[in-house]
S.K.: 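Take a look at this one; I'll ask things after.
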Amino acid sequence: MSKPVEQKIGSVALVVDNYDDAIEFYTSKLQFELIEDLDLGGGKRWVLLSPPNSTGTNLLLAQASNEEQKKSVGNQTGGRVFLFLHTNDFWRDYENMKSKGVEFTEEPRTEEYGMVVVFKDLYGTKWDLLQLTSS
């Protein structure tokens with residue numbers, strides 16, 4: 001008997017301008033954990049970050065290495081929100097991020113699915129901070 005299909009998205013690549021600047025932003029302002037930072041040679045690194053206590057998808061930083069890639073830094077989705085950071089305490093995380101200088105593009109709002117606010121990372125990539133309404 002064959003095994004049932006079991007898959008998950010392990011990592012999402014985020015093109016950044018500089019590995020170290022991005023690591024600093026995500027670890028100090030968003031409290032992400034640096035999971036792995038492996039030198040692959042030739043200026044490339046395998047850099048994995050994860051939100052605190054996460055068991056889900058990791059963020060894989062990919063430093064732009066040519067002009068085409070540099071154009072996508074901060075705009076990987078044409079100006080739309082790219083990533084969704086789920087939290088179990090919206091106001092705790094919102095206030096913490098705000099106190100650390102994270103840029104928010106709007107005021108927090110309540111939607112049918114929960115509390116949400118859009119913020120930008122150090123390169124302008126848009127994220128949602130999101131606490132889903134309990135089902």
Side-chain angles (χ1 to χ4, degrees):
M1 181 175 230
S2 65
K3 291 183 177 181
V5 175
E6 185 176 314
Q7 301 176 342
K8 68 178 182 176
I9 296 175
S11 301
V12 173
L14 179 64
V15 181
V16 298
D17 189 51
N18 179 279
Y19 288 119
D20 295 323
D21 292 346
I23 291 168
E24 173 64 23
F25 176 86
Y26 286 106
T27 59
S28 69
K29 299 199 184 255
L30 302 188
Q31 299 180 312
F32 279 33
E33 298 170 16
L34 179 60
I35 304 300
E36 194 169 1
D37 186 353
L38 181 63
D39 187 343
L40 301 176
K44 290 184 83 173
R45 289 159 57 183
W46 180 263
V47 179
L48 279 177
L49 296 163
S50 179
N53 300 310
S54 175
T55 57
T57 304
N58 293 318
L59 196 57
L60 174 65
L61 301 184
Q63 186 169 291
S65 61
N66 61 44
E67 285 307 310
E68 185 176 346
Q69 291 174 12
K70 288 178 183 181
K71 289 178 189 175
S72 71
V73 172
N75 192 28
Q76 294 180 71
T77 57
R80 293 189 61 113
V81 170
F82 179 48
L83 297 162
F84 300 80
L85 181 60
H86 290 225
T87 180
N88 66 346
D89 188 332
F90 179 89
W91 293 108
R92 173 200 63 210
D93 294 342
Y94 171 74
E95 293 298 337
N96 185 47
M97 290 164 64
K98 194 173 175 182
S99 74
K100 293 181 178 185
V102 172
E103 179 186 350
F104 291 89
T105 66
E106 62 184 12
E107 292 300 314
R109 65 185 192 281
T110 303
E111 297 289 350
E112 288 183 35
Y113 52 83
M115 285 295 301
V116 64
V117 66
V118 176
F119 69 93
K120 293 182 180 181
D121 72 8
L122 72 165
Y123 300 116
T125 302
K126 290 182 181 177
W127 289 65
D128 271 359
L129 176 63
L130 177 63
Q131 183 173 4
L132 295 174
T133 304
S134 299
S135 310

S.K.: Where the side chain of Lys120 meets the backbone of Glu103, is there a donor-acceptor pair that is under 3.5 Å apart?
M.R.: no
S.K.: Give a yes or no on whether Glu111 atom CD has more than 12 heavy-atom contacts from other residues, nucleotides or ligands under 6.0 Å away.
M.R.: yes
S.K.: Take atom CG in Asn53; do more than 12 heavy atoms of anything else shown fall under 6.0 Å from it?
M.R.: no
S.K.: Do the side chains of Leu85 and Leu14 join up, straight or via other hydrophobic residues, at under 4.5 Å, putting them in one cluster?
M.R.: yes
S.K.: Give a yes or no on whether Leu30 and Val12 share a hydrophobic cluster (residues Ile, Leu, Val, Met, Phe, Trp, Tyr; joining criterion: side-chain heavy atoms under 4.5 Å apart).
M.R.: yes
S.K.: Less than 6.0 Å separating the ring centroids of Tyr123 and Phe25?
M.R.: no
S.K.: Mark yes or no for whether Lys126, through its side chain, and Gly79, through its backbone, hold a donor-acceptor pair below 3.5 Å.
M.R.: yes
S.K.: Under the 3.5 angstrom rule, does the side chain of Lys100 hit a backbone N or O of Ser28 as a donor-acceptor pair?
M.R.: yes
S.K.: Take atom CZ in Arg80; do more than 12 heavy atoms of anything else shown fall under 6.0 Å from it?
M.R.: no
S.K.: Using side-chain heavy atoms (C-beta onward) and a distance below 4.5 Å, is Thr87 in contact with Met115?
M.R.: no
S.K.: Give a yes or no on whether Ile9 atom CD1 has more than 12 heavy-atom contacts from other residues, nucleotides or ligands under 6.0 Å away.
M.R.: no
S.K.: Are side-chain heavy atoms of Val47 and Val16 found at a separation under 4.5 Å?
M.R.: no
S.K.: Is there side-chain contact between Val117 and Glu107, with at least one heavy-atom pair below 4.5 Å?
M.R.: no
S.K.: Hey, any chance Phe119 and Val116 share a hydrophobic cluster, counting ILVMFWY side chains that come within less than 4.5 Å of each other, even indirectly?
M.R.: no
S.K.: Could you check whether any side-chain heavy atom of Leu60 comes within less than 4.5 Å of a side-chain heavy atom of Trp46, counting everything from C-beta outward?
M.R.: yes
S.K.: Apply side-chain contact (heavy atoms from CB on, under 4.5 Å) to residues Phe82 and Asn75 and explain how you reach the verdict.
M.R.: CA-CA 9 Å; Phe82 179 48; Asn75 192 28; over 6 Å; no
S.K.: Quick check: closest heavy atoms across Asp39 and Arg45, and the distance to 0.1 Å?
M.R.: CA-CG, 4.1 Å
S.K.: I'd like to know if the side chain of Glu95 and the backbone of Trp91 have a donor-acceptor N/O pair within less than 3.5 Å.
M.R.: no
S.K.: Distance-only, no hydrogens or angles: does the Thr27 side chain make a donor-acceptor pair with backbone N or O of Glu33 under 3.5 Å?
M.R.: no
S.K.: Evaluate the side-chain contact (heavy atoms from CB on, under 4.5 Å) criterion for residues Asp121 and Tyr26: first the C-alpha distance (whole Å), next the side-chain angles of each, then the deciding distance (0.1 Å), finally the verdict.
M.R.: CA-CA 8 Å; Asp121 72 8; Tyr26 286 106; 2.6 Å; yes
S.K.: Begin from the C-alpha positions of Leu59 and Leu83 and carry the test side-chain contact (heavy atoms from CB on, under 4.5 Å) through to its verdict.
M.R.: CA-CA 10 Å; Leu59 196 57; Leu83 297 162; 3.9 Å; yes
